[in-house]
Structure formats: C-alpha cells, structure tokens
Protein chains: 2
Amino acid sequence: MTSLPLHERIRTDIESRILSGELKPGDKIPSEKELMSRYGCARMTVNKALSALNAAGLLDRRKRAGSYVARPRTVAMMLDVPDLPTELARRGQIYGFRLLDRRISDTRRWREIGKKIGCEGRVLVTHGVHFADDVPVAYEERLVSLAAVPEIESQDFANEPPGSWLLRHIPWTEAENCIGATGANAVTARALKVSIGTPCLSVERRTWRAAECITFVRQLYIAGSYELIARFGSTGRG
Amino acid sequence: MTSLPLHERIRTDIESRILSGELKPGDKIPSEKELMSRYGCARMTVNKALSALNAAGLLDRRKRAGSYVARPRTVAMMLDVPDLPTELARRGQIYGFRLLDRRISDTRRWREIGKKIGCEGRVLVTHGVHFADDVPVAYEERLVSLAAVPEIESQDFANEPPGSWLLRHIPWTEAENCIGATGANAVTARALKVSIGTPCLSVERRTWRAAECITFVRQLYIAGSYELIARFGSTGRG
DNA sequence: CAGCAATAAATGTCTATACATAATTGCCCA
DNA sequence: TGGGCAATTATGTATAGACATTTATTGCTG
C-alpha cells in the first residue's frame, strides 16, 4: 500500500482513459473545478496532474476553452542509445577497445570528411574495434572537430574509447542517429574477424553543441551481437 | 516583451547552464531555499522549475541530499516509428502491399508463436511484402491476438496492410521495438527478390494495451532501402 | 442581422503555509 | 572503535487563496 500521491493518481486515471481509447483525440476533459470536486482536493493538485499530461503531449489545454485530448502527430518512441562500455558492464561482460588508427585531418584537403561531420577545420579521425569478452562486436569510425574539442588532441585512448571520453567531458545539446543495415566491407570484415558481406547494424550519429558540430561516428555492430531497444511506455516517467 | 513566467525562466537558466557544460554531471544545484531567495519568489515556484528538470531527466533530486545534475546513462532519443505507407507517400513513392499468407493459429498447439507474441489463445498470422514503386523493400511477419482484436478476423488486407489497419483501429498503451541486423533467409530472400544472406535491418515490435498483448511484428528492410532516424533536441518541449 | 462590447469561464501563475518523507550527519553509548 | 538512534535538512505533496490572461459566449446596439 504505497498509495501514490494524489496528483499522480489523477494523472494516471486520465492518462489510462486516453490510452485505452475510452477518451479519443478531441474529446473534452472535465474542467479543473469539476475534477477538484470529484477528487475532493485543491485546484493546484488537479492542475499539477493536467499540466504534466499537457507537457507529455497527451492534452491540449486552452484558456476558457478547456482541456482536450491531443491528437497524436507522430508516433515517437524513446530510444535508449547506450554507451557500449556501460552497457556491457551491466550485462556482466568484459569490455575492451583497440585503437586501429588515429590521425588528424583537415576538411579543406579531404572534402568527404567535411561532408560527413558537417563542419570545417581540423578533425581528429579514429578507427577502432569494440570487444566484449575479447570477441569483436563493433567497428567504429569517428570524426571529432578539433575546433570544438581541442582537448581531445592530447588523448591517446589507451584506456577509454573516444566516445566514452566525449560523453564524460563534452556536453552536447543535439544529436541525430541514422540506423540501418549494411554488409561488412573488406576493411571492417578484417577488423571484426568476419567474412565480407556479413550483415551488420549500422548506427551513424552526429552530435552538436549549440549549432557547432562536435563529432560524427559510424558504428557497425555484427548482426546478432547487439540490438537497440526503443520503448513507448505510457509516460516519460519511470 | 512577453516576459516568460518566472518558473520557466528559472528552468531555462539552470537548463542552459547544464547544457553549456558550466554545470557538469554530479554537480550540486543550489537548494530550493537558496534559489527562492536568489530569485525572490516562493518555494513552489522554484519547485515547479526543478521538478520539470527532474521529469526531463536533467536533474537527480533526493530528499535531504539535494538536487544534482544527472549523469546521462543511456541517452534517450526520440525515434520516429514509421508507418510505411505514410512514410513512402511523404517521399513521393507509390506504396504497395502483397499478402503472401494468412492463417489462424493457436498458441496451445504452436508454442513458438505464443513465445513470440507473449500471450495465449488464437492468433492471426500474416506474412507479406511491402513495395515502393513496385520494388520490394520489406518483408513482414505479423501475429495478432484474436482475443484482443476479434474484429481483425474479418479483414482481408487487400487494400491495407495489417499494421496500418491496427494503427487506425486499435489503441495501444505500450510498445517495444527491438532493432538489429540480420541476413535474408531462403523464404525472405525469395519474397524480397534478393540473394540469401543479403543484409537487412530487422525491426521487431510488440504492442500492448494495458498488459494485454495485441500484436507482434517482425519487419526486414533490405539494407539501404530504409533507415530509421532518431533525434535528440535539448528539451522535450515544443 | 451584423458587429461590438461586456461578461464569465476556464486555465496560468504565484504566494504562504503546513505537514510528510527520506537521507545525511553527528552524537551518544556500548 | 563502531553501531545505532536522533536531529536536521532538503525535497515531496497538498491546501486555500489571489490575481492575470485568454477566449467563448452572451447580450446590446445600430
């Protein structure tokens, strides 16, 4: 009997009636006044519940008009993009990283690099392999803008892959993932110790901090060794 | 000069200091008491701002201990789960669907079906191919619980694939996607007119309505023909 | 009947207060 | 020294009231 707080109970009451289809998009929700007498509580309590549903995108609220069930625009789900070392540790596997190559390039001389990362200037380029229990699971190519992250030039990535280093040191405001499938090519197949053409999950990610591109990464996970999980749960809470 | 409400100003103040890196993961945020004297307002106002940041996952708040900048474990991103017909129409391609097989099975006789969908009873099983401009792009296997969706038994899916029909008719409360890569097997390769072993993006999705499983679907997208996009923007707000 | 103005109804924000709950800190005693 | 209890502190929840803002409705007027 941990009895939820009242505002959460009001929230989940309405939420479940929306999600179950009992309340359809466009339907009107009782006014705060009505709900406060129905639940026998103060208006702030009802307001907290409805504001949360509004913030979660389940309700549209307009002054004087009332609260209405929002019509869903896009079906969006939460995708947990994992940090590989963290994720493997959680599974009880031993994580390893081997740096295959590390060089500094310049978008003015190597155009295709600028195209990938989407910025100008000097760029740190690394290639490496992620291991789980000494078995290769992923190949990684990474570009890091040295204009945005000059400190990274002094890192050797002996103990920590560039991605984890960046995650710990560099805050970012926006990112975009592109998820697809592809076959391993000659270079990646050799690094991952699989045959050419082996299916791989491909994750490409660009990360920005306030309009400035920080890094581009392309990871190839050997089919079956790794999967992404995306959830849509009733709410963003948990 | 519409001057934001105070609680939003407090929120964005702190939020921008987190996102800019001025406040790092693990750093302590001033207590509500301190913030209320700093902004010259009541505690509820500060509380509203901090609670919102907490709900957004930017803060960890613990009683007695205080509020701390959350350390991003797995970064949650928004994944737009596509409805294939809608998505292709948006791209200006002509969508098509061919039903290859349709049967009704029972989890009590076919155990592996019950295992996939995670429920008991009679199940509608369909196999089909999605086309873009008459070219196959995806193979789909779908299981639908007839206990949860009896109406679907009378559908023939001549005009509309089962997924779109479900999306339009059946509300759901929870879903989970599992995204990986795999090679086409004999059956799927023949249906997609590719050679066996061709890399494919695999999306498996289970959908529930209030603890009752509605449907399981497994889609195989031919590598290169389709990609998922996931975005993360600074805040969950619009 | 059209257009405009007043009214009322709903949400939005904020205050000041109260008590509840959890966790840290430190003190006391074995 | 160390274990356990109590005091303290910060957050969590809730109340009752006030005023602001937006906008649908109503009613008045030409």
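Not measured: the values here are computed from a predicted model. Labels below follow one simple rule: chain letters A, B, ... track the order of the sequence lines, proteins then strands, and each chain is numbered from 1.
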### Task
Could you check how far NE2 of His7(B) sits from P of dA20(D), rounded to whole Å?
17 Å
### Message
What I want to find out is whether Glu176(A) reaches Arg206(A) closely enough, with some N-O distance under 4.0 Å, to be called a salt bridge.
### Response
no
### Task
Would you jot down, in residue-number order, the residues of residues 34-51 of chain B having a non-hydrogen atom under 4.0 Å from DNA chain D?
Arg43(B), Met44(B), Asn47(B)
## Note on the structure
In Lys116(B), Arg218(B), Arg205(B), the residue satisfying salt bridge (charged side-chain N to carboxylate O under 4.0 Å, His left out) with Glu141(B) is Lys116(B)
## Note on the structure
Separation of dT23(D) atom P from Tyr68(A) atom OH, nearest Å, is 13 Å
### Task
Mind calculating the distance between CG (Asn54(B)) and P (dA10(D)) to the nearest angstrom?
17 Å
### Query
Does Ser67(A) place a side-chain N or O at less than 4.0 Å from the phosphate oxygens OP1/OP2 of dT11(C)?
yes
### Message
I want to check one thing: is the phosphate of dT9(D), taken as OP1 and OP2, less than 4.0 Å away from some side-chain N or O of Ser31(B)?
### Response
no
### Message
I'd like to know if the side chain of Ser51(B) reaches the main chain of Asn47(B), judged simply by a donor and an acceptor atom lying under 3.5 Å from each other, with no hydrogens or angles considered.
### Response
yes
### Task
Let me know the distance between NZ of Lys63(A) and P of dT13(C), rounded to the nearest Å.
7 Å
#### Entry: Any Asp13(B) side-chain heavy atom under 4.5 Å of Glu15(B) side chain
no
### Message
Whether Glu34(A) and Arg38(A) form a salt bridge (side-chain N of Lys/Arg under 4.0 Å from carboxylate O of Asp/Glu) is what I want to check.
### Response
yes
### Query
How about Ile152(B) and Phe157(B): do any of their side-chain heavy atoms sit closer than 4.5 Å?
yes
## Note on the structure
Here the distance between atom P of dT13(C) and atom CZ of Arg11(B), to the nearest Å, is 12 Å
### Task
Round to a whole Å and report the spacing from CG of Leu6(B) to P of dT15(C).
7 Å
### Summary
Of the listed dT21(D), dT24(C), dT13(D), the closest approach to the Arg62(B) side chain comes from dT24(C)
### Task
Fit a plane to each ring of Tyr95(B) and His130(B), take the angle between them on a 0 to 90° scale, and name the class: parallel (under 30°), tilted (30 to 60°) or perpendicular (over 60°).
tilted
### Task
Report yes if a side-chain nitrogen or oxygen of Arg64(A) is closer than 4.0 Å to either non-bridging phosphate oxygen (OP1 or OP2) of dT25(D); otherwise report no.
no
### Query
Taking atom P of dA9(C) as reference, at what distance in whole Å does atom NZ of Lys33(A) sit?
7 Å
### Interatomic distance where CG belongs to Asp60(A) and P belongs to dT11(C) [whole Å]
13 Å
